[in-house]
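To keep things clear, I will list the structure first and then write my remarks on it.
Numbering of ligands and ligand atoms starts at 1, following listing order. These figures come from a predicted structure and were not determined experimentally.
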Amino acid sequence: MSQGTDAVHAGYRPSGEFRPMLPPLHNSAAYQFESHGEAIEKFALRQSGFTYSRTGNPTVSILEQRVAALEGGAHAVATATGQSAVALSLLALTQGPKHIVASSSLYGGTVDLFTDTFADFGIRVTFVDQADHAAWGNAIQEDTRAFFLESVSNPLCTVADLPAIAAIAHEHNIPVVVDNTLATPVNVKPLDFGADIVVHSATKGLAGHGSVLGGVVVDSGTFDFSNTVRWPQISAPRARLNNTSLLERHGAGAYTMLVRSKFLHDLGPTLAPASAQSILTGIETLPVRAAHVHRSITTLIDKLSSHPGIAAIHHPSLSSHPSFELAATITPNGTGCVLAIELADPSLVSPVIDGLSLISLAANVGDTRTMISHPATMTHCRLTEEQLVAAGLNTSTLRLSVGLEDPADLLADLTQALDLALVLAPQTQGA
Ligand SMILES: *Cc1c(COP(=O)(O)O)cnc(C)c1O
């Protein structure tokens, strides 16, 4: 099916006594077994099916199938948050502990996870300039077990050269894990460009309404985990599995089963069924929302670029953006809801933000409501001035997450706030 149809139907056809059209909410912690024999088989993981909702739930399972379909993956596991999707996807690859090569432009929560908590676990991360292909290769160590990057970065919307980076990883038998939160599968399917595993904060574009938190890990099912020395957690016999391996039991689903039966089971960041149902409803309108948001972004860029209060707009649809050419092949329909606006002077930042009446100051993206934030003092406040510049930001950069309002109203709100800020700070006029 095409993506628009999968967004509405994948993973669910009305069934059961009442055949509800909406994927039903199955709020149950546990599931009855028909016999002791069935319980024995399910607990030994020899028979699939639901036993206890920490590791699987029928509503959550529909979401897993739907996101796998949208990403063109074979299997998926949903988690409580995007943060736990990132953590579990990588813990499953780096037991030992091992080493990760990661892009230096990542979501702040991921940077905290890598530099603080993963460091506590002994997992080492080398950060590289994402655009420097030689740097990815040079950072590989003998025990590197994952490359990690975002398909589209936040807030500058840098588009990753996925085919080039995946080629380097695969030469060394290293899987590529891509955070596809900002772009969503409507704008890019990383698995089609060489990635092996995709992670999402479903909180953002997938759920789309700022109402729930959730995460998803999607596996292509094609990475070769058969080397027992390199990937013992997947291909070597384990006591926990009666001395069989996940690969023997689950084949192409082995990685997903590792995430589910070990990490989700042992650590417990499980998605609530009610959240899964909300995310499923959100996904139904994802393609329509993405198209509207892209049209609005195009209008805003077109009408705002010449405003004297704005020094630059950073977006891959502009030829001035470093990702302009890559975006044409990798994200031809847009990069998602984010737009970075650099004001003419840092003194305009507070007056512009406080002058807005429709657009809210809030730290989220992918909501139906348009939100603005100031990375230097909010999401990126722990970065030094040099780190900010290295991230392509400065103290005048604002991040806009464009929602579903009429773009004419967004434009009017931004224009009046910019005009007012210039009056309040006249010395910066024409800066
Ligand atoms: C928000 C976000 C996360 C973390 O997701 P939560 O659902 O907030 O835990 C991870 N990656 C990216 C790119 C995000 O935007």
Practice item. Quick one: look up the protein heavy atom nearest atom 14 (C) of ligand 1 and list residue, atom name and how far away it is. Key: K204 NZ, 2.9 Å

**Study point:** Heavy-atom nearest neighbour in the protein, as seen from atom 3 (C) of ligand 1, with distance rounded to 0.1 Å
**Key:** Y107 CE2, 3.4 Å

Practice item. Evaluate side-chain contact (heavy atoms from CB on, under 4.5 Å) for I310 paired with E342, printing each intermediate quantity in order. Key: CA-CA 6 Å; I310 292 178; E342 197 177 316; over 6 Å; no

Point to revise | T110-D179 side chain donor-acceptor pair, cut-off 3.5 Å | key: no

Check your understanding: Are D179 and ligand 1 in contact, using a heavy-atom cut-off of under 4.0 Å?
Key -> yes

Point to revise | S201: numbered ligand 1 atoms lying under 4.0 Å from its heavy atoms | key: 1 (C), 2 (C), 3 (C), 4 (C), 5 (O), 6 (P), 7 (O)

Review point. Is the Lys NZ or Arg CZ of K204 less than 6.0 Å from the centre of Y107's six-membered ring, within 45° of the axis?
Key: yes

Can an N or O of [X] be found at a distance shorter than 3.5 Å from an N or O of ligand 1?
X: Q83; answer: yes
X: L213; answer: no
X: T203; answer: yes

**Study point:** Minimum side-chain heavy-atom gap L213-T81 below 4.5 Å
**Key:** yes

Check your understanding: If we only count heavy atoms from C-beta on, is the I359 to M371 side-chain gap below 4.5 Å?
Key -> no

Exercise for review: First locate atom OG1 of T59, then atom CG of L25, and finally report the distance between them rounded to the nearest 0.5 Å.
Suggested key: 5.0 Å

